[in-house]
2 protein chains.
Amino acid sequence: MNRERRQDNRKRQARGELRIAQILDAAAECFGEVGFASTSTNAIAATAGISPGSLYQFFANKDDIARALAKRYIRLLEAAHGEAFADEVAKLPLSDMLDRIVDPIVAFNLAHPGFQALLADPGVPSQVSEAKKPLHAVMLTRIDAIFGVRAPELAPDKRRRGAEVAVGIFAALLRMVLAAGPAERPALVAELKRAVGGYLGPLVGEGAV
Amino acid sequence: MNRERRQDNRKRQARGELRIAQILDAAAECFGEVGFASTSTNAIAATAGISPGSLYQFFANKDDIARALAKRYIRLLEAAHGEAFADEVAKLPLSDMLDRIVDPIVAFNLAHPGFQALLADPGVPSQVSEAKKPLHAVMLTRIDAIFGVRAPELAPDKRRRGAEVAVGIFAALLRMVLAAGPAERPALVAELKRAVGGYLGPLVGEGAV
DNA sequence: GGAAAATGCGAGTGATCGCTCGTATTTTTG
DNA sequence: CAAAAATACGAGCGATCACTCGCATTTTCC
């Protein structure tokens, strides 16, 4: 309500901004361990080292915390996407292109393990899960643009489906990479690139990697 | 504890078996709509058209319901796997093999929408999520056997990784197929086969499909 | 310095949920 | 037909959880 508004407009001190960051860190940790639904707000407060009351000085409710965390992740990830989908990558050879796209996104997810935990959790409120839609849309648009450069004759619906399937394969193998131990990771990343490249290759008129 | 034992050993009447089936159907419906954690046992009872007390005549607790539902699904799915991984399929041409394996599993998941909802829910208790491990292991073993027939020279670790990645791709695109509308489905199933076939082809020494 | 604003606390409130219990009804058994 | 077993009920208990409230402390602003 307007309580939430008042909270947004409230003038934060440096201490407050710090607390907000602490709370989001704590929430990421808790969500990652037991999921959104099973995480109590008191647990988040305890993990952040503050009292339950203080938590509500900065967030209107539990959903609000998840929403803010998702927003923070998306802001960070968009920077990584900037590197990954720079204009010139579309013209690179397929395997180079995959290196450029895949590596930064894998690095981001390794650096922020809570990201997948939150955004992939089906128990999360709809307002949060919808936060990743623009992200998904951006990836699809970028891949669509890549098709535009590398396979302009491809029909639009096949393009779109190809992009969605490629993203789906990528997301699935990314989860496997994150779940694997550090020793297994490089080989799995290679398989990820082989799989996505092998799927895109024929669509794009280029041999498998 | 032994309360649970007593319940297992209790002699069920026909009426009781029917109630159990009703309860599992209701649970599948509820879990599918809001997930395991957010489903209340009273809601399951109400959906099944019985009282909360009656529910506990047949199940020791909420986890027990999920476990029984998972067991039921796995029993059903194993029949589908029987068709999918019959011995002779390993020798079929790659695209025929994929038809034989993919189609019945897609059909099963379409017929039982609660299956993915339950087994993919991260909020589910560990005893339930571990129920799908044997399922996963069986799939890996079968695919490993296929490698044994079609690419016997492949190193064991590459074999294993190839099988896991193939299953990962399959599972991800299967979820996309289930999420898509009926109109999109056939094309997506075709892409699923193209993706898995395209990944397996080089490993198995066969051209893409 | 002093008022106002921001931050901090933690016991407490109301609601929800998993599950129990006493009891009533139906079915099986001998 | 009884006695026993299985099924059925639903109010309510104890625990948990999201969130509040009254009040104390710290920081900012003039």
Side-chain angles (χ1 to χ4, degrees), chain A residues 1-24 26-27 30-31 33-69 123-125 127-128, chain B residues 1-24 26-27 30-31 33-69 123-125 127-128:
Chain A
M1 319 282 170
N2 50 7
R3 170 163 265 280
E4 210 166 323
R5 273 268 157 262
R6 223 181 300 142
Q7 227 171 32
D8 286 349
N9 296 351
R10 173 121 132 231
K11 209 164 119 192
R12 296 276 171 223
Q13 303 176 353
R15 193 173 28 143
E17 300 290 353
L18 199 111
R19 279 279 182 253
I20 289 177
Q22 285 175 359
I23 292 166
L24 292 184
C30 294
F31 292 160
E33 277 170 15
V34 297
F36 174 82
S38 300
T39 296
S40 77
T41 55
N42 285 24
I44 296 174
T47 305
I50 62 174
S51 80
S54 294
L55 192 156
Y56 286 90
Q57 293 279 343
F58 304 101
F59 296 98
N61 51 47
K62 192 180 170 184
D63 289 13
D64 197 27
I65 300 173
R67 231 175 301 135
L69 182 59
V124 102
Q127 275 197 326
V128 175
Chain B
M1 316 287 164
N2 52 6
R3 170 166 264 279
E4 212 166 320
R5 272 267 158 263
R6 223 181 297 141
Q7 225 171 33
D8 287 349
N9 295 351
R10 173 122 131 229
K11 209 164 123 193
R12 297 277 172 221
Q13 302 177 354
R15 194 174 28 144
E17 301 289 353
L18 198 111
R19 279 276 183 255
I20 289 176
Q22 284 176 0
I23 292 167
L24 292 184
C30 294
F31 293 159
E33 277 170 15
V34 297
F36 173 81
S38 300
T39 296
S40 75
T41 55
N42 285 23
I44 296 174
T47 304
I50 63 174
S51 80
S54 293
L55 193 156
Y56 286 90
Q57 293 280 344
F58 303 102
F59 297 98
N61 50 47
K62 192 181 171 183
D63 289 13
D64 196 28
I65 299 173
R67 230 175 303 136
L69 182 59
V124 102
Q127 275 198 327
V128 174

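Labels below follow one simple rule: chain letters A, B, ... track the order of the sequence lines, proteins then strands, and each chain is numbered from 1.
Arg19(B) has no side-chain polar atom (N or O) that falls below the 4.0 Å cut-off from OP1 or OP2 of dT7(D). The phosphate of dT7(C) has OP1 or OP2 within less than 4.0 Å of a side-chain N or O from Arg10(A). Between Ser54(A) and dT7(C), a side-chain N or O to OP1/OP2 separation shorter than 4.0 Å is absent. Considering only side-chain N and O atoms, Ser51(B) lies nowhere under 4.0 angstrom from the phosphate OP1 or OP2 of dG10(D). Side-chain N/O atoms of Arg12(B) include none lying less than 4.0 angstrom from OP1 or OP2 on dA6(D).
With rounding to whole Å, Asp63(B) atom CG is found 14 Å from dC17(C) atom C1'. Here the P atom of nucleotide dA15(D) and the CG atom of Asn42(A) are 17 Å apart, to the nearest Å. dC19(D) atom P lies 4 Å from atom OH of Tyr56(A), rounded to whole Å. The CG atom of Asn61(B) sits 17 Å away from the P atom of dC17(C) (whole-angstrom rounding). As a whole-Å value, the separation of Ile23(B) CD1 from dC9(D) P is 10 Å. In this structure, CD of Gln57(B) is placed 12 Å from C1' of dT26(C), rounded to the nearest angstrom. When the C1' atom of dT20(D) is taken as reference, atom CZ of Phe59(A) falls 18 Å away, rounded to whole Å. A straight line from CD of Glu17(B) to P of dT27(C) spans 16 Å, rounded to a whole angstrom.
Rounded to the nearest 0.5 Å, atoms CG (Leu55(A)) and CD1 (Ile65(A)) are 4.5 Å apart. A distance of 4.0 Å separates CZ in Arg67(B) from CD in Gln127(B), rounded to the nearest 0.5 Å.
Residue Phe59(A) comes nearest to Asp64(A) through the heavy atom pair CA-OD2, 3.6 Å, listed as atom of the first residue, atom of the second, then distance. Pairing each heavy atom of Ile44(A) with each of Thr39(A), the nearest pair is CG1-CG2, 3.6 Å. Heavy-atom minimum distance, Gly16(A) versus Phe58(A): CA-CE2, 3.7 Å. For Ala43(A) against Cys30(A), the heavy-atom pair with the smallest separation is O-SG, 4.2 Å.
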**OP:** Start with the C-alpha distance between Arg12(A) and Arg19(A), add both sets of side-chain angles, then the distance that settles side chain to side chain contact (heavy atoms under 4.5 Å, CB included), and finish with yes or no.
**Re:** CA-CA 10 Å; Arg12(A) 296 276 171 223; Arg19(A) 279 279 182 253; over 6 Å; no

Original post:
How does each nucleotide of nucleotides 24-30 of chain D score, in 5' to 3' order, for protein heavy atoms under 4.0 Å: base (B), sugar-phosphate only (S), or none (-)?
Top reply: ---SSS-

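Closest to the side chain of Lys62(B), out of dT7(D), dC9(D), dG18(C), is dG18(C).
Map Ala37(B) and Gly53(A) each onto its nearest nucleotide of DNA chain C; the residue landing nearer the 5' end is Gly53(A).
Heavy atoms of Ser38(B) sit nowhere under 4.0 angstrom from any nucleic acid atom.
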